[in-house]
Amino acid sequence: MKEVGKSYLNELNDVQRQAALCIDGPVMVIAGPGSGKTRVLTYRIAHMIHSGINPGQILSLTFTNKAAREMKDRIEKVVGTKAHRVWAGTFHSIFAKILRVEAHRLGYPNDFTIYDTDDTKSVLAEIIKHLNLDKKVYAPGLVRARISAAKSNLITPKAYASNDELMAYDRMNRRPMIHVIYEKYVAKCKRAGAMDFDDLLLQMFRLLYQNPDNTREKYQNQFKYLLVDEFQDTNYLQYEILKLLTVYPGSQQNICIVGDDAQSIYSFRGATIENILHFETDFPDLKTFKLEQNYRSTQFIVDAANEVINHNKKQIHKKIWTDKSDGNKIKVIKTMTETEEGKRVADTIIEQKNRFNLSNRDIAILYRTNGQSRVFEEQLRKYNIPYRVYGGLSFYSRKEIKDLIAYLRLTVNDKDDEALKRIINYPRRGIGDTTLDQLSSIANDNELSMWEVLNSVSLNGRNKKSLGDFVNLIRAFKQKAATSDAYEIASYIYRNSGIEKLLKEDKSPEGEGRIENVISLLDGIQEFVQEDEVVDGEPLSTDRSLSAYLQSISLMTDADEKETDPDYVTLMSVHAAKGLEFKSVFVVGLEENLFPSYQSLMESNSVDEERRLFYVAITRAEEYLCLTYANSRYQYGQTRFNDPSRFLEEISEHNLDTLITISKKPSFAEPKILGNFKPLNSRKPAISINPADFVASNPTDIKPGMEVIHLKFGQGKVLTVDERLVATIMFDGLSDAPEKRIMLQFAKLQIVE
DNA sequence: GGGGGCTATGGGGGG
DNA sequence: CATAGCCCCC
């Protein structure tokens, strides 16, 4: 598309155009789902650049790297390669980039390590152990959450200890030592030259607030124009950083925030909608725009979404509407088990592909928890439908990848104790737990890194050689790293650390998969080194060091990886789907205790957040929306029976397609046997099998020839019972393998009178 | 110090 | 059900 002048502005509606053109002073855009928010942001930036603003002065913060990359691509289509000069990225990645230049002013090395959640928990576990605290009471995950919340609210360890509310809360939960752990954790990270995810924000804040060498003015001048996407998901700390960058004498306050309170789904990591309210008072000259027209979805979907979200009381008033009047009603599928749910979804995908000529890439399956992906994967595989699972175990969290990366990390930053602990005995070199404990104790007591201990203290007999070999190995790597690019050193380490040899010993398919993964990691490093893009006559990046590479991947998630063949069905969590859209969307597992989640039902108010999450889920759909739930679900080693999700009832019937009740044999689903079938929109949620009504018969009473009901398999006839009380039963409802062997002592059978 | 097998425990979303 | 952690034995 060749653009002359500013004709791109014709592609915006009135409100969108006003929001895009209003580039001076504070602006707030409240943008409903599918309202063209990204389009506004894109054209706004394009317009800025067209108006002569230096792209390098524009800072555009998003929540995923993917969103940032998309935006850059779209800006590039309008303004050309100058788009690359825009600072666009996530809060974490942009700040990490800045801190790589500035960290030394705060007492960190510029090539600091970024600790992921696992590293953090491992550091905490060590501190908890060292303090002789019970690790069951001080569960690292819990402690991490407390510390993370403190950092996100700018509460230092000292402030934490003198904060009555926090201390009282910890005492009440019998964890009065959290503030001590917090203090030690901060010190230990600093000693290790490491920042956790929260530190990337916190240290950026310190850099601006404490202002060493006038860094505050430097970045205030650097970033004259700020844009923040998904503002409802920012936390207190992020907001304070934004204020430091924009609120100062003489500032033009060119900051544009875009958000939707109805799509706030990250309060668990400290996001607060309060920020929107504060924004209005902190920037009194604010101009507000509301984008209310939904261009994405058809009428039934928009209506349903409005119905659902209106159950939340606290909201910024807006009315989302669409002019796409025709469309398909929302399909609801109920199944007996989660396996059947997977099968029905796969069937429906085949049907949609044939009837509506959809490609795989038009289709997404969205779930509340990553663990739900498995059944859908199995069924899609059966039908040979290509799919891609996002989230869950990311490439970089695979063991073999983490192992090699740990070598790279230690080579770059020898103070990185977490990396050292991971590889000091991998591959095995006879350094066991005892030695490791001693090392870490000495390190803790003397406030040294383990590497420093290894290099200074003379260790006793038995391990002397293996420890010495390890030190020499890492020294050799460090020496090589000084003169090599990231790829050369990484492949050198792969070959010489013993990892290659170890992996090649394993001839199993899994083992070969691990080698492939490591090879593709090395390929990725090579790609990084060979990056040759030139913008405005300058190379995009010049730093090909290992350190630069590690930083580039540490904030990457699975969802950010490049597509090779783009025609896949997408499987992802609802959280990960935010900002995306698909022609056809399946939202699965709509059951109480799953969506809304069990945890959310325990805490007051958090059902509202689950509802917003559901709102996000259904508004991803353009034309076809299908909601599914299963009557029973195998969870945590047992069959659970959950009511249909309350959210289903919040959609009125005229937006829904006929409820499909699925069962191979109708008799299985007949109310007269199992009872309690009710239409979906009745006041009380439908409970197809109420476990409370089910009375298990005494195992010894069950004899061959009897008709029995099984909670999961339905009705069947007992064929035999053996001496160990194992019955063979022929179930009416099971077509594949109707004969099941049931252990009567677990009493899931009721005799039919 | 290493490895196998058993038990207890947890169990959400992500940068 | 998965995994971490523990115990026990080599």
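All chains are named by letter (A, B, ...) in the order of the sequence lines, taking the proteins before the strands, and each is independently numbered beginning at 1.
Phosphate proximity of B:dG12 to A:Asn370: absent, as no side-chain N or O sits under 4.0 Å from OP1 or OP2. Dashed line: the shortest gap from a side-chain N or O of A:Ser93 to OP1 or OP2 of B:dG15 is not under 4.0 Å. Between A:Thr117 and B:dG15, a side-chain N or O to OP1/OP2 separation shorter than 4.0 Å is absent. Put simply, A:Ser573 has a side-chain N or O that comes within less than 4.0 Å of OP1 or OP2 on B:dG14.
At the heavy-atom level, A:Tyr266 lies under 4.0 Å from the strands shown only through sugar-phosphate atoms. Heavy atoms of A:Phe91 sit nowhere under 4.0 angstrom from any nucleic acid atom. Using a 4.0 Å heavy-atom criterion, one finds that A:Arg144 contacts the bases of the nucleic acid, with or without backbone contacts as well. Looking at heavy-atom distances under 4.0 Å, A:Gln372 makes no contact with the nucleic acid at all. Counting non-hydrogen atoms under 4.0 angstrom, A:Arg428 reaches the backbone sugars and phosphates but no base. Within 4.0 Å (heavy atoms only), A:Ser554 reaches no atom of the nucleic acid at all.
In this structure, A:Phe268 does not pack face-to-face on the six-membered ring of B:dG12, missing the 5.5 Å centre cutoff or the 30° plane limit.
Ring geometry, A:Tyr266 versus A:Phe268: the interplanar angle falls from 30° to 60°, so the pair is classed tilted.
Listed here is the closest heavy atom pair of A:Val574 and A:Leu613: CG1-O, 3.3 Å.
For the pair A:Arg388 and A:Tyr390, the distance from NZ or CZ to the six-membered ring centre is under 6.0 Å and the angle to the ring normal is within 45 degrees.
Comparing B:dG1, B:dG15, B:dG12 by their nearest atom to the side chain of A:Thr434 picks out B:dG1.
With a cut-off of 3.5 Å on both Watson-Crick or G-U wobble distances, the partner of B:dC6 is given as C:dG5. In this structure, B:dG14 forms no base pair with any nucleotide, since neither Watson-Crick nor G-U wobble geometry is met with both distances under 3.5 Å.
One N or O donor and one acceptor, one from the side chain of A:Ser597 and one from the base of B:dG12, sit under 3.5 Å apart. You won't find any donor-acceptor pair under 3.5 Å spanning the side chain of A:Gln238 and the base of B:dG15, going by distance alone. Side-chain atoms of A:Asn425 and base atoms of B:dG1 include no donor and acceptor less than 3.5 Å apart.
Side-chain contact annotation: A:Tyr219 with A:Glu102, donor-acceptor N/O pair under 3.5 Å present.
For A:Phe586 and A:Tyr367, the ring centers sit 6.0 Å or farther from each other.
Rounding to whole angstrom units, CD of residue A:Gln203 and C1' of B:dG15 are separated by 16 Å. When rounded to the nearest whole Å, the span between CG of A:Leu201 and P of B:dG14 equals 17 Å. Between the CD1 atom of A:Ile424 and the C1' atom of B:dG1 there is a distance of 14 Å, given to the nearest Å.
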